[in-house]
Amino acid sequence: MSGGKARSSPASGQGGATADRSAAQHESTSELAAGPGKSIWQYAPAPESRDVVSIQPEYGLFVAGTFAPAADGRTFATVNPATEEPLAQVAAAGPADVDAAVTAARTAYEQVWKSMPGSERAKYLYRIARQLQERAREFAVLESLDNGKPIKESRDVDIPLAAAHFFYYAGWADKLAYAGFGPDPGPLGVAGQVIPWNFPLLMAAWKLAPALAAGNTCVLKPAETTPLTALLLAEVCQQAGLPPGVVNVLTGAGDTGAALVSHPGVNKVAFTGSTEVGKEIARAVAGTDKKLTLELGGKAANIVFDDAPVEQAVEGIVNGIFFNQGHVCCAGSRLLVQESVADIVVERLQRRLATLRLGDPLDKNTDIGAINSRQQLDKITELTKVGEAEGAQRWSPPCQLPEKGYWFPPTVFTGVSQSHRIAREEIFGPVLSVLTFRTPDEAVAKANNTPYGLSAGIWTDKGSRILWLAQKLRAGVVWANTYNRFDPASPFGGYQESGYGREGGRHGLAAYLNV
Ligand code: NAI
Ligand code: MG
């Protein structure tokens, strides 16, 4: 079946400034697409200006409405993963800071927030939402700098969706009595929220907006590799006049997160991240009366039937696994394709992948940005080696990787069997494992053969098949003839090792109400 020529090319001697690198890369990309010596036209570099953001050399913790250094003065660096350039030193919160933040959140809860009418709380949420829209460019550039994701994604997905979440939950704040949870559902108290690095601002919005709408106060712990947009959001909270202590932002690593979730003053814990840490948190919270929601990993099946429109399905496959470098918990990382069309689907997919543009995240034409951290790059590299060792065939398009920074080419494994680690474990990178099936029943069995259960995709012309299959898939979200669609009104969450509880929509309110 698929042409299994492995042509993954690691960085070749291409030095110089970023601009030189990206120009050279543009040239090579279009030449490669057209064939040697036959380049049709070139993409000119189209970098978004980074002048729109002013990054401070140092950032403090946001506690009780003001920024201050950590009690013990510890800091850590956050870097731009596309260049390895340090962006800023950020305070690392210790136990004393966690205690101060939880105390600030408790005071704000008791004295201001829980008794404020929902219609008044809504005004703050609307203000935050509007500020996010007004400062959208600044947020998008900062997100791409700190995270490595392409600007077209931060600009068109992350930031607009973050604003949409605040707008959506602002609308609920004065309607909680009509949300179907009884006549007078109350808040839980102080929420301790720990988020990952793949969608830094968006995950902050997913956590804060429903919590605040429901009348809780928050202590948010962003991931250590991507703290900057959460800190800018803290500044927006100040600008919006949010009462001090209603939102607190504690930067730091896993130890800060662990101290937060086990603090006795926290009533509700919400976590998005790895299944491993999710289990640790579940153990830390067990036996307390803290309410817990966990949004963990996934290994989603993206299922393509022989009657699916091939080009559309290919776009859906690309979006499913190469969006955000595959750093997506609901990524369609297992392609299940019906055997009779497997060759053509893989062939068209490879052709499409050869046109993707990898490089400078701030370039508006970039499709694939940087891997978020050295650690994540090592994990992806390691698992793809395992894939080869276990006998799957590896393929990448010709692709020049920038010399500095953390990069991984789009990669497709064919000949994957269900027992391979690359078919079972979350790689969390731009790596697709292709498996085949013959009958719809076999598709169901293979799709459900996973310890996870977060999402799935179905590509078929038949509505009846979509409905039949969606009922049988053990996944929290099932997309039909589309993939990675998000809407604040729609609940999101998983089964099994993907966690429990739902975020988004009316369901997302329940996690923050005493119901
Ligand atoms: P992680 O789960 O360690 O990090 C997520 C967040 O949890 C970060 O803010 C981190 O500081 C915090 N944290 C770490 N240890 C903690 C603890 N003991 N208690 C409380 N908070 C803690 O994820 P990591 O190490 O960055 O990535 C490892 C793998 O996890 C990835 O390769 C990927 O497979 C998966 N992952 C899944 C995500 C998802 O959205 N489902 C997001 C991030 C990672
Ligand atoms: Mg960073």
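Read the numbers this way: they start at 1 and go in the same order the structure lists the ligands and their atoms.
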Is the ring centre of W206 less than 6.0 Å from the ring centre of F199? no

Residue and atom name of the nearest protein heavy atom (relative to atom 18 (N) of ligand 1), distance in Å to one decimal: E280 OE1, 3.0 Å

So, R135 and Q239: side-chain donor and acceptor under 3.5 Å apart, yes or no? yes

R357/D363 ion pair, N-O < 4.0 Å: no

N or O contact, I195 vs ligand 1, cut-off under 3.5 Å: yes

Counting only non-hydrogen atoms of the protein, does one fall under 4.0 Å from atom 15 (N) of ligand 1? yes

For atom 27 (O) of ligand 1, what is the closest protein heavy atom, and at what distance to 0.1 Å? W197 NE1, 4.0 Å

Is there any N or O on Q375 that sits under 3.5 Å from an N or O of ligand 1? no

For residues T75 and Q89, is any side-chain donor paired with an opposing acceptor at under 3.5 Å? yes

Short side-chain donor-acceptor distance under 3.5 Å, E497 and T275: no

What part of A284, side chain from CB on, backbone N/CA/C/O, both or neither, has a heavy atom under 4.0 Å from ligand 1? neither

Measuring from D255:CG to K221:NZ, what's the distance to the nearest 0.5 Å? 8.0 Å

heavy-atom search around atom 12 (C) of ligand 1 in the protein gives V194 CG1, 3.6 Å

Among all protein heavy atoms, pick the one closest to atom 7 (O) of ligand 1 and tell me residue, atom and distance. F271 CE1, 3.2 Å

Considering heavy atoms of the protein only, find what lies nearest to atom 39 (C) of ligand 1 and give residue, atom and distance to 0.1 Å. C329 CB, 3.5 Å

Does the protein put any heavy atom within less than 4.0 Å of atom 4 (O) of ligand 1? no

Ignoring hydrogens and geometry beyond distance, is a side-chain donor-acceptor pair present between T272 and K207 at under 3.5 Å? yes

Quick check: T272 and ligand 1, any N/O pair under 3.5 Å apart? no

Mind checking whether H327 contacts ligand 1 via backbone (N, CA, C, O), side chain (CB onward), both or neither, at a 4.0 Å heavy-atom cut-off? neither

Between the side chains of N372 and T225, does any donor sit under 3.5 Å from an acceptor? yes

What I want to check is whether the side chains of T78 and D146 have a donor and an acceptor closer together than 3.5 Å. yes

Note the single closest protein heavy atom to atom 30 (O) of ligand 1, along with its residue, its atom name and the distance in Å. S274 CB, 2.9 Å

Assess, by modelled atom type and distance only, whether the side chains of N484 and W479 contain a donor and an acceptor separated by less than 3.5 Å. no

Heteroatom distance test (E295, ligand 1): nitrogen or oxygen, under 3.5 angstrom: no

Check: of E426, E276, K379, K279, min heavy-atom distance to atom 29 (C) of ligand 1 comes from K379

Do you see a donor-acceptor pair shorter than 3.5 Å between the side chains of R106 and N267? yes

Using 4.0 Å as the upper bound for N to carboxylate O, is an ion pair formed by R374 and E84? yes

With heavy-atom distances below 4.0 Å as the criterion, list the atoms of ligand 1 near G257. 19 (N), 20 (C), 21 (N)

Given L296, V277, I380, V328, identify the one with the heavy atom nearest to atom 41 (N) of ligand 1. L296

Nearest-neighbour protein heavy atom for atom 38 (C) of ligand 1, which is reported as residue plus atom name and distance: F428 CZ, 3.3 Å

Which residue and non-hydrogen atom of the protein lie closest to atom 43 (C) of ligand 1, and at what distance in Å? P196 CB, 3.5 Å

